[in-house]
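Structure record follows, encoded as structure tokens.
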There are 2 protein chains.
Amino acid sequence: MNNTEQDIPDIVINRLPLYVRTLNDLKSMNQTTISSEHLGHLLQTTPAQIRKDFSHFGKFGKQGKGYNIDYLLEELREILNLNKSWNSCVVGVGKLGQAVINYQGFKDEGYLIKVAFDISIPKTKTISDIEIRSISDMNQYIKTLDIKIGIVTVPAIDAQGVIDRLIQSGVKGILNYAPMKPIIPKNVSCMNIDPILSLQSMSYYLDK
Amino acid sequence: MNNTEQDIPDIVINRLPLYVRTLNDLKSMNQTTISSEHLGHLLQTTPAQIRKDFSHFGKFGKQGKGYNIDYLLEELREILNLNKSWNSCVVGVGKLGQAVINYQGFKDEGYLIKVAFDISIPKTKTISDIEIRSISDMNQYIKTLDIKIGIVTVPAIDAQGVIDRLIQSGVKGILNYAPMKPIIPKNVSCMNIDPILSLQSMSYYLDK
DNA sequence: ACGTGTGAATTATTTCACAGCT
DNA sequence: AGCTGTGAAATAATTCACACGT
């Protein structure tokens, strides 16, 4: 309807990265153009939903032609702020934190892990070239390194305290792997990764 | 409204595990009773939503009193099939797969990892007492061990093939860590764990 | 007096269907 | 002829508000 910043529903925002991923796949297969019909087929959704989602931001398609993949990708990446990179930190360097630090996927997508924190500094002070610092130095490092995202991989019991501290230090987004639902101020964004909740929802359907 | 099995919205099912978790917390703090008002406050949702959610399954509360925590917990656990344990397997024993196998939280909640599969059997044939087998023996092990859930931790490019194979072997639920959206038959349940999509949605809000 | 359970009202989201551009 | 963008219609989810049981 119009491309000025309004309040776009979260549910729409959450679908955009899926479009980006699929368009990237198509691009890497040298496809240059796609219709909402075909994209909907690939994503198991309806063409109408895709067109309606895009319509919140502008007019990206050409009637009779569909969407130019390069152009649409660029627009969506711009909307989602994917063209800049985001400095991040990991808090909690247990097994999960180490797996997160070792995972290259974050860097590939522009989420740069600049430092990790733990209560106790382990013997090896570095994992995959990321230095491990004491949580007590968190505030200082977050400010100096201009860190905007905190990835939380501490036990549930410690998570709220860590998150409060991250936010107080200036972090604007939390990716929370702890199995709990944190309390977060409105100006900070939080996403929870909680495989146990997913499995428990899944169990409902397993016995039918 | 009534407690016979109807089609309950997914969105309602997905909230139930959160109620279970919070009720467990309250129970461990020796609280015996709670109102929808208080529970809503803890979960940052409305009392009306909680009552409406429960009303899909029956009448669990007492007017003027609220809910008995033990009773409500038992009812919710029964609805979600959390009182049985579920045999599971992990496919893909890279760093992520190893972290999943090492994580004790699945076992604690009744999701028992019975075996892991990989294309290449590593030198150490066991992780946290879980044996690693060849993917080519998957069908046999899944049937013999009565495995109902497959946890997929292979690269995205291999995931659809692995998932097809799991389903063909009789698995009824997929917990997919690969960054892709698999195609799944209607009688199988699938949940995706995709931190990159979460971060990309989050990026939209970071720059406002 | 308190707090559930639930129809009714409201708000959000999806789908329809078609005018209009290429 | 094909396919977008979008109001209107349909469907889904949330919230209101209150009768009723303890």
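For the pair Lys59(B) and dT6(C), the criterion of a side-chain N or O lying under 4.0 Å from OP1 or OP2 is met. Side-chain N/O atoms of Ser55(A) include none lying less than 4.0 angstrom from OP1 or OP2 on dG5(D). For dG2(D), neither phosphate oxygen OP1 nor OP2 lies less than 4.0 angstrom from any side-chain nitrogen or oxygen of Tyr67(A). At the phosphate of dC3(D), neither OP1 nor OP2 sits under 4.0 Å from any side-chain N or O atom of Ser36(A).
Residue contacts for Phe60(A): at a heavy-atom cut-off of 4.0 Å it reaches the sugar-phosphate backbone alone, with no base atom in range. Within the 4.0 angstrom heavy-atom criterion, only backbone atoms of the sugar-phosphate kind lie near Pro9(A); the bases stay farther away.
If you take NE2 of His56(A) and C1' of dA12(C), they are 10 Å apart, rounded to a whole angstrom. Between the C1' atom of dC3(D) and the CG atom of Leu72(A) lies a distance of 14 Å, rounded to the nearest Å. One interatomic measurement links the two molecules: NE2 of His38(B) to P of dC2(C), which rounds to 17 Å at whole-angstrom precision. Distance, Ile8(B) CD1 to dA12(D) P: 14 Å, rounded to whole Å. For the pair Ile69(B) CD1 and dG3(C) P, the computed distance is 14 Å after rounding to whole Å. Atom-to-atom, CD of Glu75(A) to P of dT4(D) comes out at 16 Å; the value is rounded to the nearest Å. The distance from atom CD1 of Ile50(B) to atom P of dA13(D) is 18 Å, rounded to the nearest whole Å.
Closest heavy-atom contact between Ala156(A) and Ala178(A): CA-CB, 4.0 Å.
Checked by atom type, the side-chain pair Tyr205(B)/Asp10(A) shows a donor-acceptor distance below 3.5 Å. Between Glu74(A) and Asn83(A), the side chains place a donor N or O and an acceptor N or O closer than 3.5 Å (distance only, hydrogens not considered). For the residue pair Tyr111(A)/Asn87(A), the side-chain donor-acceptor check at 3.5 Å is not satisfied. In this model, a donor atom of one side chain and an acceptor atom of the other lie less than 3.5 Å apart for Asp164(A) and Gln160(A). Side-chain contact annotation: Thr33(B) with Asn68(B), donor-acceptor N/O pair under 3.5 Å absent. Under 3.5 Å, the side chains of Asp53(B) and Tyr19(B) contain a donor-acceptor pair of N or O atoms.
Within residues 10-34 of chain A, the residues having any heavy atom closer than 4.0 Å to DNA chain C are, in order of number, Ile11(A), Arg15(A).
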- [ ] Indicate for each nucleotide in nucleotides 15-22 of chain D, in 5' to 3' sequence, whether protein heavy atoms under 4.0 Å reach the base (B), only the sugar-phosphate (S), or nothing (-).
- [x] BBB--BBS

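Contacts classified as side-chain hydrogen bond (donor to acceptor under 3.5 Å, both in side chains) and involving residues 144-155 of chain A (residues at least two apart or in different chains) are given here: Asp146(A)-Lys148(A).
In this structure, Cys190(B) and Ile184(B) have side chains that are in contact, with non-hydrogen atoms separated by less than 4.5 Å.
Toward the 5′ end of DNA chain C lies the nearest nucleotide of Glu37(B), the other residue of the pair Glu37(B) and Asp53(A) mapping further downstream.
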